[in-house]
Amino acid sequence: MDMLVVQGGCTLRGHVFVDGAKNAALPIMAASILLDGDIRIKRVPDLVDVQTMSLLLQSLGAEVTRSGDTLDIDTRDVACQHADYELVRRMRASVCVLGPLLARFGRASVSLPGGCNIGHRPIDLHLKGLAALGADLRIERGYVIGEASQLRGADIFLGGPGGSTVTGTCNVMAAACLAKGHTVIRAAACEPEVADLGRFLNGAGARISGLGTSTIEITGVEGLTSVTHTVVPDRIEAATFAIAAAATRGNISIHDVCPEHMASVIEALEDIGATIHVAADQLDISATGSLRSIELAALPFPEIPTDTQAQFMALMATVPGISVVTDRVFPDRFMHASELVRMGAQIRREGASVVIDGGRRLTGTSVMASDLRASAALVIAALAADGESQIRRIYHLDRGYARLEQKLNGLGASVIRRADGSAQAKRPHYLQGDSARSKGSQSQRD
Ligand code: EPZ
């Protein structure tokens with residue numbers, strides 16, 4: 001396993017370019033199962049999750065080849081409809097193959113996704129939507145077994161207790177493309193990544209309208225053919241860099257972004273006191289002045305994304321005053337709070353919120369990542385902290401950020417990737433000398 005060694009006290013300055021959106025690329029790759037033709041997807045980030053989805057498609061019989069940030073996929077020889085636990089357990093988005101397999105082959109067996117550190121993540125709405133299209137679905141030995149001689153259009157309500165479902169909307173929308181008749185998805189997810197999937201499918205001959213709204217309509221067609229599609233910019237990666245700039249009181253330009261996908265994040269950063277200038281596909285942020293505490297809540301798009309909640313928590317730990325961060329999508333998504341507290345943050349949990357008494361200097365130390373966005377939060381805190389930090393289990397980070405250390409070092413940071421537990425991993429000065437105690441305490445953390 002790798003770790004990141006981060007030197008604190010840094011101020012980010014310069015230019016950074018974001019990749020294509022992970023959460024658009026994954027459902028688009030899954031939906032390629034529906035297409036009978038040449039599929040070219042551009043601006044696909046080189047991430048572990050994308051590699052996992054490629055392996056899953058190949059396990060079904062597809063061909064996936066990468067050239068730079070472009071994927072060429074051929075699903076014409078897909079003959080298997082079984083998505084195995086060994087792959088699905090690595091990435092929940094694997095469930096997005098369920099709808100396309102049912103629509104194309106009339107049958108599917110897809111492992112239920114495993115547990116998740118960010119909270120309860122059922123797929124009941126996925127199953128409700130696909131059943132409404134006429135699929136017979138049952139759960140057997142940890143797998144969803146589905147049969148559908150012919151999917152038929154339906155009027156479906158996909159809302160749930162945590163708002164709509166992003167991948168659930170993707171699954172149902174993709175399946176409905178080949179259903180007979182007209183489908184209406186109400187309480188559909190409005191996230192830009194869902195709209196991007198819809199544009200990909202329309203480019204291949206689907207007939208989808210209402211993309212980006214909570215009511216999506218699909219008129220089924222006989223088949224889908226070739227398409228070349230460029231994935232939307234990753235608004236979460238862009239937000240992560242903007243928040244890191246604010247946490248280090250820096251001044252950076254973020255390129256290849258889609259500002260209209262980031263309105264809530266921009267608003268929150270301006271409320272905190274950052275100065276932001278937006279032009280075409282570039283976002284400039286300066287946070288060299290004093291910053292203010294705020295209250296923010298993560299909600300479905302277009303509100304603050306839950307995938308930026310951890311990063312904002314790290315930022316607010318550096319800002320004097322009482323801030324409150326609430327997550328209405330994943331009310332338990334706070335595993336990162338305890339690691340931030342180990343760095344000196346004053347954070348206490350209050351139900352679906354945390355109260356942050358910010359402004360104390362964070363101190364670098366050894367911390368452990370628990371999930372993808374928690375990892376990003378720990379990197380942000382480490383950049384702002386005094387001294388060196390070692391961030392362990394960064395395989396979580398590699399799922400959603402490509403070349404993060406290179407991008408941060410290009411902004412003036414000092415972030416080094418090392419094999420965890422390697423001899424070179426420098427113990428913080430306060431742990432050198434008393435080897436017996438420190439070895440004991442270190443092993444408890446690993
Ligand atoms: C997608 O996950 C994203 N992943 C997540 O990003 C993101 O946090 C989430 O949407 C919310 O925006 C991908 O797109 C690959 P949901 P998804 O279904 O689709 C409840 C990251 O860091 N729900 O929109 O799995 C659920 O419990 C990842 O990049 C049901 O009740 O999330 C939650 O409260 C983490 N039943 C809410 O809906 C269901 O069948 C939103 O979940 C499905 C979901």
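Just follow the structure's listing: the first ligand is 1, and inside any ligand the first atom is 1.
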Relative to atom 17 (P) of ligand 1, which among Thr167, Leu127, Leu26 owns the nearest non-hydrogen atom?
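Heavy atom nearest to atom 17 (P) of ligand 1 belongs to Thr167.
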
Counting only heavy atoms, tell me which of Gly119, Ala376, Pro122 gets closest to atom 44 (C) of ligand 1.
Pro122

Starting from [atom], what is the nearest protein heavy atom, named by residue and atom, and what distance separates them?
| atom | value |
| --- | --- |
| atom 5 (C) of ligand 1 | Asp307 OD2, 3.7 Å |
| atom 18 (O) of ligand 1 | Thr165 OG1, 2.7 Å |
| atom 37 (C) of ligand 1 | Gly162 O, 3.7 Å |
| atom 36 (N) of ligand 1 | Asp124 OD1, 2.7 Å |
| atom 27 (O) of ligand 1 | His120 O, 3.0 Å |
| atom 2 (O) of ligand 1 | Arg121 NH2, 3.1 Å |
| atom 22 (O) of ligand 1 | Arg373 NE, 2.9 Å |

Please determine, by modelled atom types, if [X] and [Y] share a side-chain donor-acceptor pair under 3.5 angstrom.
| X | Y | value |
| --- | --- | --- |
| Arg373 | Thr308 | no |
| Ser253 | Asp284 | yes |
| Gln390 | Asp420 | no |
| Glu191 | His261 | no |
| Arg392 | Ser366 | yes |

Hey, does the side chain of [X] reach the backbone of [Y] with a donor-acceptor pair shorter than 3.5 angstrom?
| X | Y | value |
| --- | --- | --- |
| Gln311 | Asp307 | yes |
| Thr225 | Gly37 | no |
| Arg393 | Asp371 | no |

For [X], atoms of ligand 1 separated by under 4.0 Å from a heavy atom:
| X | answer |
| --- | --- |
| Asn23 | 3 (C), 4 (N), 6 (O), 13 (C), 14 (O), 15 (C), 21 (C), 29 (O) |
| Lys22 | 21 (C), 29 (O) |
| Ile123 | 39 (C), 40 (O) |
| Val329 | 33 (C), 34 (O), 41 (C) |
| Thr306 | 8 (O), 11 (C), 12 (O) |
| Val166 | 1 (C), 10 (O), 12 (O), 14 (O), 16 (P), 18 (O), 19 (O), 24 (O) |
| His126 | 40 (O) |

So, for His82 and Tyr143, is the gap between ring centers shorter than 6.0 Å?
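Between Tyr143 and His82, which both carry aromatic rings, the centre distance is below 6.0 Å.
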
Can you tell me which residue among Arg235, Lys42, Lys407 is in a salt bridge (charged side-chain N to carboxylate O under 4.0 Å, His left out) with Asp19?
Lys407

With a cutoff of 4.0 Å, is [X] in contact with ligand 1, counting heavy atoms of the residue only?
| X | result |
| --- | --- |
| Pro305 | no |
| Arg333 | yes |
| Ala93 | yes |

For ligand 1, find out whether one of its N or O atoms is nearer than 3.5 Å to an N or O atom of Phe330.
no

Contact (N/O only, under 3.5 Å) between Leu372 and ligand 1:
no

Criterion side-chain contact (heavy atoms from CB on, under 4.5 Å) against Leu127, the qualifying member of Leu98, Val95, Val172
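Single pass found, and it is Leu98.
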
Aromatic plane relationship, His255 with Phe17 - under 30° parallel, 30 to 60° tilted, over 60° perpendicular:
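Correct class here is parallel.
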
Go through it in stages, so that I can follow the logic: the residues are Arg107 and Glu147, the test is salt bridge (charged side-chain N to carboxylate O under 4.0 Å, His left out), and I'd like the CA-CA distance, side-chain angles, deciding distance and then a yes or no.
CA-CA 4 Å; Arg107 62 179 179 280; Glu147 277 138 9; over 6 Å; no

Any non-hydrogen side-chain atom of Thr318 less than 4.5 Å from a side-chain atom of Leu315?
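They are in contact (side-chain heavy atoms under 4.5 Å apart), so the answer is yes.
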
Closer than 4.0 Å and a protein heavy atom, does any atom meet both conditions relative to atom 41 (C) of ligand 1?
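Yes, there is a protein heavy atom closer to it than 4.0 Å.
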
Note: Ser164, heavy atoms under 4.0 Å from ligand 1, region reported as backbone

